[in-house]
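Have a look at the structure below, then the notes.
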Amino acid sequence: MISTVALGKKQGPVNICSGNPITVRKFAEQISCEYGRIELLNFGVRPENAVDPPFILGIPNHDIID
């Protein structure tokens, strides 16, 4: 969806979420694995932030992509 939006004619913010909850860690791991650079991630260096949400979730809006 990112490439469709990037190469399309829409301008401004566009909702490209999947509707599937995912932790920020898992999201970062997926991206780093795609680029073969998992060693660049260093989780656990800083203490956990008690106010951070356990995952991120967006509600998809498929009507936005033309």
Side-chain angles (χ1 to χ4, degrees):
M1 287 175 25
I2 292 172
S3 62
T4 300
V5 171
L7 298 172
K9 296 180 182 181
K10 288 274 185 194
Q11 292 184 347
V14 177
N15 180 352
I16 57 165
C17 50
S18 68
N20 299 316
I22 186 170
T23 63
V24 173
R25 179 182 183 140
K26 186 67 175 173
F27 184 63
E29 288 172 340
Q30 288 177 350
I31 293 169
S32 66
C33 283
E34 285 182 35
Y35 287 94
R37 299 304 306 263
I38 191 84
E39 76 281 358
L40 296 177
L41 298 178
N42 194 6
F43 294 105
V45 174
R46 295 173 49 192
E48 278 193 42
N49 184 339
V51 297
D52 282 344
F55 56 86
I56 52 177
L57 172 66
I59 300 170
N61 182 350
H62 299 293
D63 297 335
I64 289 188
I65 300 175
D66 293 318

- Scanning both residues in full, the closest heavy-atom pair of Cys17 with Gly58 reads SG-C, 3.2 Å
Side-chain donor/acceptor pairs under 3.5 Å, residues 27-42, sequence neighbours excluded:
from  : atom 1 : to    : atom 2 : distance (Å)
Glu29 : OE2    : Arg25 : NE     : 3.0
Ser32 : OG     : Ala28 : O      : 3.2
Ser32 : OG     : Glu29 : O      : 3.0
Arg37 : NE     : Glu39 : OE2    : 2.6
Arg37 : NH2    : Glu39 : OE2    : 3.2

- Message: By the salt bridge (Lys or Arg N to Asp or Glu O under 4.0 Å) test, which pairs, at least two apart or in different chains, include something from residues 43-52?
- Response: none
- Task: Please go through Leu57's hydrophobic cluster and name the other residues, only I, L, V, M, F, W, Y counting, with side-chain heavy atoms under 4.5 Å joining them.
- Result: Phe55
